[in-house]
Protein chains: 2
Amino acid sequence: MGATVGRQSTEMLKGILEGIVLALLSTRPAYGYEITARLRDQGFTDLAEGTVYALLIRIEQRGLVDVEKVPSEKGPPRKVFTLNARGREDLVEFWRTWSFLTERLDQLREDGA
Amino acid sequence: MGATVGRQSTEMLKGILEGIVLALLSTRPAYGYEITARLRDQGFTDLAEGTVYALLIRIEQRGLVDVEKVPSEKGPPRKVFTLNARGREDLVEFWRTWSFLTERLDQLREDGA
DNA sequence: GCTCAGTACCTAGTCTTACTATGTACCAGG
DNA sequence: CCTGGTACATAGTAAGACTAGGTACTGAGC
């Protein structure tokens, strides 16, 4: 991040990026390279590939996703991640926290502006 | 944080808390103890005092706020922070990043739910 | 006088997470 | 053969919130 939005966005992404990826996976399974590309398309232009792979490994180790290796027509095999029950719970929790934050910030923005 | 919202909120606060404090200061000057108390009242129940003081020192060193020492009726003198021009710019930038994130996440939530 | 609670500030060390930079491997087209 | 696209991985760094303390000043109650 940095080009599309401010330099502070790196810090603001922390924790949120995980929710974003869980949300992406809740619509359909995906693999790392694909997730990175999709997010870059959606405006996270400077998102580092390594960040996504590290994140995927983390959520796998926490048991939020199931993993399957699928051969690719072009290039090495893909590691396809599927959101499981634990992951869905975590996503619900993420949306709860997110809602709390947006409510607080919406109010602050009213007061401030 | 933790009681009010999920355990993941600690990471999600990173970067955002700074924007929250800048927004608070944009309505009127305030000092650390007061800011901590206000935020706790507003639902950030587990917010650590030390976190706020560290943050205030950071934004002071970045030149986003002006500081004035004011005697208190009860207890040691207060360090009152006032948002200055640089701080207001930073706040604008914060809101820009925040809007970007909320737009992305709103869309993800639609798709996902 | 002394203690305790409330006010007010500060800091060293830890943990998590995003980024940098780089490396590996597989494949097709020129 | 060699470049570019696909696909995954990791060691090291930086930033920020938390833990767990500590200091100092004041007034109320015993």
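A, B, ... follow the sequence lines: proteins, then strands. Residue 1 opens every chain. Computed from heavy atoms alone, side chains included, the values below leave out hydrogens, waters and symmetry copies.
Evaluation of atom-type donor-acceptor distances gives a pair under 3.5 Å for the side chain of Lys14(B) against the base of dT16(C).
Classification of Lys79(B) and Glu60(B) as a salt-bridged pair holds, one side-chain N sitting under 4.0 Å from a carboxylate O. For the pair Arg86(B) and Glu89(B), the salt-bridge criterion is not met [side-chain N within less than 4.0 Å of a carboxylate O].
Between Arg104(A) and Phe44(B), the closest side-chain pair of non-hydrogen atoms falls below 4.5 Å. Within the 4.5 Å cutoff, the side chain of Arg62(A) has heavy atoms near those of the Glu18(A) side chain.
Without hydrogens or angle criteria, Arg78(B) side chain to Lys69(B) main chain gives no donor-acceptor distance under 3.5 Å.
Counting any heavy atom pair closer than 4.0 Å across all strands shown, Gly15(B) reaches sugar-phosphate atoms only and no base atom. Residue contacts for Lys79(A): at a heavy-atom cut-off of 4.0 Å it reaches the sugar-phosphate backbone alone, with no base atom in range.
Using five terminal pairs a side, the axes of the helix from dG1(C)-dC30(D) to dG30(C)-dC1(D) at its two ends make an angle of 10°, given in steps of 10 degrees.
Between Leu39(A) atom CG and dA18(C) atom C1' the separation is 14 Å, expressed in whole Å.
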Go through the steps for Ser9(B) and Arg96(A) under the test side chain to side chain donor-acceptor pair (under 3.5 Å), then give the verdict.
CA-CA 10 Å; Ser9(B) 45; Arg96(A) 201 194 317 283; over 6 Å; no

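Side-chain N/O atoms of Tyr31(A) include one lying less than 4.0 angstrom from OP1 or OP2 on dA7(D). For the OP1/OP2 pair of dA18(C) and a distance below 4.0 Å, the side-chain nitrogens and oxygens of Thr10(A) include no atom meeting the criterion.
A heavy atom lying under 4.0 Å from DNA chain D marks the following residues of residues 52-60 of chain A, by number: Tyr53(A), Ile57(A). The stretch residues 71-78 of chain B touches DNA chain C through Ser72(B), Lys74(B), Gly75(B), Pro76(B), Pro77(B), Arg78(B), each having a heavy atom within less than 4.0 Å of the strand.
Checking dT7(C), dT17(C), dC18(D) against the side-chain heavy atoms of Arg62(A) singles out dT17(C) as nearest.
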